[in-house]
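One structure is given here, and the rest of the page talks about it.
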Amino acid sequence: MADIKQFHSQLIRLGLSTDNDAMGRLIKFCSVSETGDLYYALKVFEQMPHPDPFVYNTLIRGFSRAPQLAHHSALLYIQMLQQEQPLLQPNKFTFPPLVKSCCCSCCGEIGDAHVEFGRQVHAHVVKFGFCEDVFTQNSLIDMYVGWGLLVEGRRVFDEMPERDVVSWTSLVNGYSRRGLVDEAFEVFEAASERGSVGWNAMVAGFVRSGRLREAFALLERMWAEEKKLDKYAAASMLAACAGLGALEQGELIVDYLKKSGIELDGKLSTAVIDMYCKCGSVDKALEFFAGLSRRALSSWNCMIGGLAMHGQGEAAVNLFREMEREKIAPDNITLVNVLSACAHAGLVEEGKHYFHYMKEVHGVEHTMEHFGCMVDLLGRSGRLSEARKLIDEMPMSPDVGVLGALFGACKIHKEIELGEQIGRRVIELEPQNSGRYILLANLYASVGRWDDAAEVRKLMNDRGVKKAPGCSIIELDGAVSEFIAGGRTHPQSKEIYAKVDEMLECIRSEGYVPDKDTVLHDIEEDDRENPLYYHSEKLAIAFGLLKTTPGAMIRISKNLRVCKDCHQVSKLISKVYDREIIMRDRNRFHHFKKGECSCGDYW
DNA sequence: TTAGGGTTAG
């Protein structure tokens, strides 16, 4: 800006301070450039006796790009219409940014007033004759779908005399962002033009809705059609890989990024770190993180969270300290991850320390999530009364997450009375969450209260709540295979089941005793015989043993939490077959090696 | 001139 101010003073000396052409260029730089200064642009503008539409448009565009200041765009537009001498009319460059500014609400909330103003702007588009301008119409589509007014967005789209790739993409994006992924996909397939933004909108939609296989299928289609991934599509694809635990595909994307020279900005780097962590390769995440020349806050957060997920609590705390040494201010997410790292690794004193420290030293306020972590930390380690005390002292009333953490702790420590009380409360708060019923039923079962256990299961059935079937995924040679507990749909299921039997026979000599207590009341319960023996993770491990060379690591990703019996079996298999097994469950990783697990049986 | 990506406890 210093150069610009000097340039400005030169223009003034030359007597050009009221010249639209000269001042227009100056304003353009101040409003549109990354290093510009919108308020300076506004000051220059205020000195101009007769600004022209170019000047107005440029300022409107500048303000429309700053969500907090977008209301200035509307004010400028009104001012432009009110100007006399000379009378001004908006042109086709006026509306796209003006419409955009209608979409940006200053506080994240869209009020009726915003929508009303947007409709008035739409009326002006019609009045001034820009119904055939593709840019303006595209902006209107985006405005309506951004508010969730999909029918109106669709109407604009349908009435356009000509459409371009942005029109199609905006519509796809509108459906996709509202979770109407099927509708989005229909438009996507029908589109006469598809650009990388459209591919990305579609993949991101699938990822957001948890439809990872479909996201993945699109990635394969993109490779097949030799479509180039740009940094946005790559980030979405990495998120799909992270969700599925598809390390090989994720690495293909990272290789592609390196080869194509796409700039690794903060968001993309974070997506890479997240992919490595969630695919079980925390070492590669660390290596990648170490190689970054600039690290965004989200990258630090993601790396600390990744270490937490893998039970490397001390490493996570050390990384947090390194962050402090580099004078990077942590945010609430950083601290959620630090506390969760302490909880997963049983670092009780450290957790307590950072809980106070975050507020005192960094001024980060305690949120619900921080209390949730602390209740988990205290409860898991058996300090149930301390956890209760913390809940009682919370400044806000605890949400179902915080109570759920206490409930989980009751299950671990067989705190039947408190568990029953909290469990019932949590079930009523989230009556559709099957996991809560199962946990309470198992808590009753663990102390031999079979009738109560059956009553909870009946309650769940009566309410029509279904448990998601246990499902494990294993990626071999880039292909993802899926196993459902007790399922026999796999073409090689005969061999796989035989392998499971062989596995279990082998580990019996190492002292394996099936965890029979929970057989009938286990979260993986299935109608078939010996349900416990054919849990999805056992099937996936058997498949891994069949398909990989001796000594190769086996990576499995599971949709639910791993049960006690499968945990025990995995430990023994890692010893008997001399294999490392990395298993991701619903909330953390287990590294099985030589008969031990990285979680230290603390999960 | 218009459309897109990341990190959050249980």
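Letters A, B, ... mirror the listed sequences (proteins, then strands); counts begin at 1.
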**OP:** Give a yes or no on whether the backbone of Thr367(A) and the side-chain of His370(A) come within a donor-acceptor separation of less than 3.5 Å.
**Re:**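 Looks like yes, one N/O pair under 3.5 Å.
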Original post:
Are any side-chain N or O atoms of Asn337(A) and backbone N or O atoms of Asn301(A), one a donor and one an acceptor, separated by less than 3.5 Å?
Top reply: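 It does hold such a pair.
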Select one nucleotide: of [options], the one nearest the side-chain heavy atoms of [X].
X: Ser139(A); options: dT8(B), dG4(B), dT2(B); value: dT2(B)
X: Asp164(A); options: dT2(B), dG10(B), dG5(B); value: dT2(B)
X: Lys231(A); options: dT2(B), dG5(B), dT7(B); value: dG5(B)
X: Glu369(A); options: dG4(B), dA9(B), dG5(B); value: dA9(B)
X: Phe135(A); options: dA3(B), dG5(B), dT2(B); value: dT2(B)
X: Asn200(A); options: dT2(B), dG4(B), dG10(B); value: dG4(B)
X: Ala235(A); options: dG5(B), dG10(B), dT8(B); value: dG5(B)
X: Lys278(A); options: dT1(B), dG10(B), dT8(B); value: dT8(B)
X: Asp274(A); options: dG10(B), dT7(B), dT2(B); value: dT7(B)
X: Val402(A); options: dA9(B), dG5(B), dT7(B); value: dA9(B)

Would you indicate what [X] reaches in the nucleic acid, counting non-hydrogen atoms under 4.0 angstrom: base, sugar-phosphate, or nothing?
X: Gly401(A); answer: base
X: Arg208(A); answer: sugar-phosphate
X: Asp331(A); answer: nothing
X: Arg163(A); answer: nothing
X: Ser340(A); answer: sugar-phosphate
X: Asn337(A); answer: sugar-phosphate
X: Asn332(A); answer: nothing
X: His344(A); answer: sugar-phosphate
X: Gly404(A); answer: nothing
X: Arg194(A); answer: nothing

**OP:** Would you mind checking if Arg221(A) and Glu189(A) are paired as a salt bridge, meaning a charged N to carboxylate O distance below 4.0 Å?
**Re:**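 Arg221(A) and Glu189(A): salt-bridged.
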Specify the separation, in whole Å, of atom [atom1] of [X] and atom [atom2] of [N].
X: Phe157(A); N: dA3(B); atom1: CZ; atom2: P; value: 17 Å
X: Phe407(A); N: dA9(B); atom1: CZ; atom2: P; value: 20 Å
X: Glu132(A); N: dT2(B); atom1: CD; atom2: P; value: 21 Å
X: Lys100(A); N: dG4(B); atom1: NZ; atom2: P; value: 7 Å
X: Asp265(A); N: dG4(B); atom1: CG; atom2: P; value: 15 Å

Original post:
With centres under 5.5 Å and planes under 30°, do Phe93(A) and dT1(B) count as stacked?
Top reply: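 Stacking between Phe93(A) and dT1(B): absent.
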Original post:
In this structure, which one of Phe63(A), Phe45(A), Phe95(A), Tyr77(A) forms a ring pair (Phe, Tyr, Trp, His ring centres under 6.0 Å) with Tyr56(A)?
Top reply: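 Option passing the ring pair (Phe, Tyr, Trp, His ring centres under 6.0 Å) with Tyr56(A): Phe45(A).
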Original post:
Counting only side-chain N and O atoms of Arg586(A), is one of them less than 4.0 Å from OP1 or OP2 of dA9(B)?
Top reply: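 Checking dA9(B) against Arg586(A), no side-chain N or O comes under 4.0 Å of OP1 or OP2.
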Original post:
Side chain of Ser196(A), base of dG4(B): donor and acceptor closer than 3.5 Å?
Top reply: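 Per atom types, the contact qualifies.
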**OP:** Record whether the side chain of Asp230(A) comes under 3.5 Å of the base of dG5(B) through a donor-acceptor pair of N or O atoms.
**Re:**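 In this structure, the two groups form no donor-acceptor pair.
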Original post:
Do Lys258(A) and Val254(A) have side chains that get closer than 4.5 Å, going by heavy atoms?
Top reply: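 Contact flag for Lys258(A)/Val254(A) side chains = yes.
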Original post:
Between Tyr232(A) and Trp199(A), does the ring centre distance come in under 6.0 Å?
Top reply: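 Tyr232(A) vs Trp199(A): aromatic centres not under 6.0 Å.
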**OP:** Evaluate the side-chain contact (heavy atoms from CB on, under 4.5 Å) criterion for residues Tyr144(A) and Val156(A): first the C-alpha distance (whole Å), next the side-chain angles of each, then the deciding distance (0.1 Å), finally the verdict.
**Re:** CA-CA 9 Å; Tyr144(A) 284 121; Val156(A) 174; 4.0 Å; yes
